[in-house]
There are 2 protein chains.
Amino acid sequence: MVNEKIPDKDIIAKIKSIMPEDEFLYDLADLYKVFGDTTRIKILYVLFESEMCVCDIAQLLGMTQSAISHQLKVLKQSKLVKYRREGKTVFYSLADDHVRTIIDQGVEHIEE
Amino acid sequence: MVNEKIPDKDIIAKIKSIMPEDEFLYDLADLYKVFGDTTRIKILYVLFESEMCVCDIAQLLGMTQSAISHQLKVLKQSKLVKYRREGKTVFYSLADDHVRTIIDQGVEHIEE
DNA sequence: TGAACCTATGAGCAATGGTTCATATGTATT
DNA sequence: AATACATATGAACCATTGCTCATAGGTTCA
């Protein structure tokens, strides 16, 4: 019997034309990796409500200052949070609205 | 000098009321972890265009059948893809529209 | 300048993750 | 039943990751 599942050549061509560059896909995957950790998600939930300094986030989440600082660095590198310095204290806040949208879509998917 | 950065009690209360349960946050993080790998993202891009069987996805992406099958299992567990069997062949396709939305938001964030 | 405080960072360790390899399961055909 | 083909899966291996610990960098105030 003939193999009837030969993929359509047009579809193959379209997929190849639409598939982003590897470099772009790495960046994309790296962005999602940032959301793939509960500590970082908790930090984002905190920042949904208010800007906050490192030590307060740490206390609120019951974690060490070091652990939070390390994760804020990751969030900062992905441009998901920004910060401002006020004396000794550094206040972190959300960088833009995509954070909220991405989280909301994830929540929607989970809650179905 | 008095510490002027004492976090507002109302904000603390609000954050605690809004913060989801740990179990939920684990599920959420697990969902994003799925998007945090280029192989899985590539598979999703393929399925944006058409349902496809395991061996064709493998060939299209230049990877082994085993590697693709393992990753499809992950995507299946997260309910991001569904499948139908036709004889020896198993066709995979996207489960719902959240996949597209989540990817699109990520792309938007990257491209800024 | 020295002390106190807040934050950042590098090294090390345990846990997790993605691929390969070998093999099992499932289906169709003869 | 036997063979061939498509897919699934478990174990092993190497790479990555999140935390801790110790410590460095920066800022303020006396």
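Sequence lines set the chain letters: A, B, ... in the order given, protein chains first and strands last, and positions in each chain run from 1.
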(message) On DNA chain D, compare the nucleotides closest to A:Lys88 and A:Thr64; which residue's is nearer the 5' end?
(response) A:Thr64

(message) Whether B:Thr89 contacts D:dC5 is assessed here as follows: a side-chain N or O lying under 4.0 Å from the phosphate OP1 or OP2. Is that the case?
(response) no

(request) In plain terms, say whether A:Lys79 and B:Glu112 are close enough for a salt bridge, that is, a side-chain N and a carboxylate O under 4.0 Å apart. (result) no

(message) Without decimals, in angstroms, what is the distance between A:Ile43 CD1 and D:dG18 C1'?
(response) 12 Å

(request) Anything under 30° is parallel, anything over 60° is perpendicular, the rest tilted; go ahead and classify B:Tyr83 against B:Tyr92. (result) tilted

(message) Using whole Å, what does the distance between atom P of nucleotide D:dT20 and atom CG of A:Leu61 come to?
(response) 12 Å

(message) Please confirm whether the shortest side-chain N or O distance from A:Ser66 to OP1 or OP2 of D:dT20 is below 4.0 Å.
(response) no

(message) Whole angstroms only, please: what is the OH-P distance between A:Tyr32 and D:dT17?
(response) 17 Å

(request) Report yes if a donor N or O on one partner sits less than 3.5 Å from an acceptor N or O on the other, where the partners are the side chain of B:Gln65 and the base of D:dA8; otherwise report no. (result) yes

(request) Output yes when at least one side-chain N/O atom of A:Gln71 is less than 4.0 Å from OP1 or OP2 of D:dT17, else no. (result) no

(request) Mark yes or no for a side-chain to base donor-acceptor pair under 3.5 Å between B:His70 and C:dG17, with no hydrogen or angle criteria applied. (result) no

(message) On a heavy-atom basis, which atom in A:Leu28 and which in B:Val107 lie closest, and how many Å separate them?
(response) CD1-N, 3.6 Å

(request) Take atom CD1 of A:Ile57 and atom P of C:dT7, then tell me their distance rounded to the nearest Å. (result) 9 Å

(request) Just call it for A:Tyr92: base, sugar-phosphate, or nothing, with non-hydrogen atoms closer than 4.0 Å on any strand. (result) sugar-phosphate

(message) What is the separation between atom NZ on B:Lys33 and atom C1' on D:dG18, rounded to the nearest whole Å?
(response) 10 Å

(message) Check B:Asp37 with B:Lys42, please: is the shortest side-chain N to carboxylate O separation under 4.0 Å?
(response) no

(message) Expressed as a whole number of angstroms, how long is the span from B:Leu72:CG to D:dT7:P?
(response) 10 Å

(message) Whether A:Arg40 contacts D:dG18 is assessed here as follows: a side-chain N or O lying under 4.0 Å from the phosphate OP1 or OP2. Is that the case?
(response) yes

(message) How many whole angstroms separate atom CD of A:Glu86 from atom C1' of C:dC6?
(response) 13 Å

(message) Does anything in residues 43-62 of chain A form a ring-ring contact (aromatic ring centres under 6.0 Å, His included)? List the pairs, not counting sequence neighbours.
(response) A:Tyr45-A:Phe48

(request) In whole angstrom, give the distance that lies between atom NZ of A:Lys73 and atom C1' of C:dT7. (result) 12 Å

